[in-house]
Amino acid sequence: MKNNISALMDGELFEDEAEALFDGLKRDSEAHRDWAAYHLIGDVLRQPEYIHRDISGRVRELMRNEPTVLAPRTRGISQKVRNIGLSAAASLMALGVVMWMSVQITPETTPQLAMQQTNLRPASLQTQSKSNDYLMAHQEFSPSNDMNGDASYIRTVSYSPEEKTQ
Amino acid sequence: MADREVDQQLVERVQRGDKHAFDLLVSKYQRRLGRLISRFVRDPGEAEDVTQDAFIKAYRALPGFRGESAFYTWLYRIGINTAKNHLLANKRRPPTSTPFDAEESESFEDAGLLQEVSTPENELMSKQVVDVVQQSLQQLPEDLRSALTLREIEGLSYEEIASVMNFPVGTVRSRIFRAREAIAENLRPLLETSKGNRW
């Protein structure tokens, strides 16, 4: 614990470690004396010309007659900074999701799909014919379609050379 | 976690009803606040009483402290006001007529105006404590002494000390602790035998 008291005095402990240490100092009077001694050493090294009597005992006595302080919890600077950081991170993440979704439904994807479709060879003519009918009937609901709502008014003409040869 | 954040954490504990946390703040700031008040109230006994009053006033006012300024700045302001009120109540003028800024109080020096007065007993005890600390410091191995001096007097962080001394940060932490503990070991008999644990 002494090692941690020394580190805490120098601002080198994390918040949760400091909380645990404060709990320990409350239980352990020996550790409290170490806290006081280390601070005395620091004060002597910085201001050797002024070292007065320890008044903490007298203050402690007077404090016994004081009602216990209870106040709404205040937010420290670090907590404020952390909250701002979390808000900014959440905003950036939301923005990223929106941008990703908009990229997914951009018009550029349509020609690529069209090109891919021309290279595909159907597994069977009968299946393609059925799926074509289905796709044509529901084309207006496609998210990649630029002509939302107008697709149903477009007449589709298809030509199949294999059907002609039969 | 910076020093200000450590204080804020202690303040929040006090605000949740933990009186012991305030005790830790008193141990930490009593000499700095006492030194500031002694610039206004020259009699050492009176200065101690005023310092004690300032801490009690600070404790009562803590529910209203929201952490907008550093705790020590807020505490010093209470100390200065308590000292000025004490002088006015005793029909004495404060040593300075210009507004006194708590932020500048640490560097305020006017030896003629604010000369510290001490009793022979206080002087002797003070001298003993200072001697033990300084002698213990001189007896420390060079690397421990340098690490502690850079931290306590120069105010360098562990990272800066590690860079200056070319040690890992973990080594700096352990050397500063060992230096403090070695000095405290020599100081403890004096602290324990002093009447009422005066130092």
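Both backbone and side-chain heavy atoms feed into the values below; hydrogens, waters and symmetry mates do not. A quick note: this is a predicted structure, and the numbers were derived from the prediction, not measured.
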Problem - Part of Ala184(B) lying under 4.5 Å from any heavy atom of chain A - result: both
Problem - Sub-4.5 Å side-chain heavy-atom contact between Arg173(B) and Asn4(A) - result: yes
Problem - Arg64(A), part contacting chain B, at a heavy-atom distance under 4.5 Å - result: backbone
Exercise for the section: Determine yes or no for a side-chain-to-main-chain donor-acceptor pair under 3.5 angstrom, with Trp35(A) supplying the side chain and Ser27(B) the backbone. Expected result: no
Exercise for the section: Please test Arg180(B) against Lys2(A) for side-chain contact (heavy atoms from CB on, under 4.5 Å), starting from the C-alpha separation and ending with a verdict. Expected result: CA-CA 10 Å; Arg180(B) 279 191 177 123; Lys2(A) 287 179 180 181; over 6 Å; no
Practice task
Treating Ile, Leu, Val, Met, Phe, Trp and Tyr as nodes and any side-chain heavy-atom pair under 4.5 angstrom as an edge, say whether Trp100(A) and Val97(A) lie in one connected cluster.
Solution key: yes
Handout entry: chain A contact via Tyr158(B) - side chain, backbone, both or neither, heavy atoms under 4.5 Å
Key = both
Completion exercise
Looking only at Asp3(B), Leu62(B), Ile153(B), Ile56(B), most heavy-atom pairs under 4.5 Å shared with chain A are made by Ile56(B)
Exercise for the section: Tell me, yes or no, whether the heavy-atom count around Asp16(A) atom CG, taken from other residues, nucleotides or ligands under 6.0 Å, exceeds 12. Expected result: yes
Exercise for the section: Answer with side chain, backbone, both or neither: which region of Leu25(A) has an atom nearer than 4.5 Å to a non-hydrogen atom of chain B? Expected result: both
Handout entry: Under 3.5 Å: donor-acceptor pair, side chain of Lys19(B), backbone of Met63(A)
Key = yes
Exercise for the section: Can you measure from CZ (Arg151(B)) to CD (Glu12(A)) and round to the nearest 0.5 angstrom? Expected result: 7.0 Å
Handout entry: Leu45(A) side chain reached by Val133(B) side chain, heavy atoms, under 4.5 Å
Key = yes
Practice task
State, without any angle test, whether Gln47(A) and Arg31(B) hold a side-chain donor-acceptor pair at a distance under 3.5 Å.
Solution key: no
Practice task
With the side chain counted from C-beta on, respond yes when Arg58(A) and Asp49(B) share a heavy-atom pair under 4.5 Å apart, and no when they do not.
Solution key: yes
Completion exercise
Rounding to 0.5 Å, atoms CZ (Arg175(B)) and OG (Ser6(A)) come to a distance of 14.0 Å
Exercise for the section: For residues Glu152(B) and Met9(A), determine if any side-chain heavy atom of one lies less than 4.5 Å from a side-chain heavy atom of the other. Expected result: yes
Handout entry: Part of Asn3(A) within contact of chain B (heavy atom distance under 4.5 Å)
Key = both
Practice task
Answer whether the closest heavy-atom distance between the side chains of Gln9(B) and Glu15(A) falls below 4.5 Å.
Solution key: yes
Practice task
State whether the number of non-hydrogen atoms from other residues, nucleotides or ligands found under 6.0 Å of Glu66(A) atom CD is greater than 12.
Solution key: yes
Completion exercise
Among Val14(B), Asp23(B), Leu137(B), the residue with the most heavy-atom pairs under 4.5 Å to chain A is Asp23(B)
Exercise for the section: First locate atom CZ of Phe55(B), then atom CD1 of Ile55(A), and finally report the distance between them rounded to the nearest 0.5 Å. Expected result: 5.5 Å
Problem - Closest non-hydrogen atom pair, Thr68(A) against Tyr59(B) - result: CA-OH, 3.5 Å
Practice task
Measure across Ala37(A) and Leu191(B) and return the closest heavy-atom pair with its distance rounded to 0.1 Å.
Solution key: CB-CD1, 4.3 Å
Handout entry: Value rounded to 0.5 Å, distance of CG in Leu21(A) from CG in Leu24(B)
Key = 8.5 Å
Problem - Region of Phe22(B) in contact with chain A, defined by heavy-atom distances below 4.5 Å - result: side chain
Exercise for the section: Measure Arg13(B) against the heavy atoms of chain A and call it side chain, backbone, both or neither at under 4.5 Å. Expected result: side chain
Problem - Val44(A) side chain near Leu187(B) side chain, heavy-atom distance below 4.5 Å - result: no
Handout entry: Heavy-atom side-chain proximity of His39(A) to Gln30(B) below 4.5 angstrom
Key = no
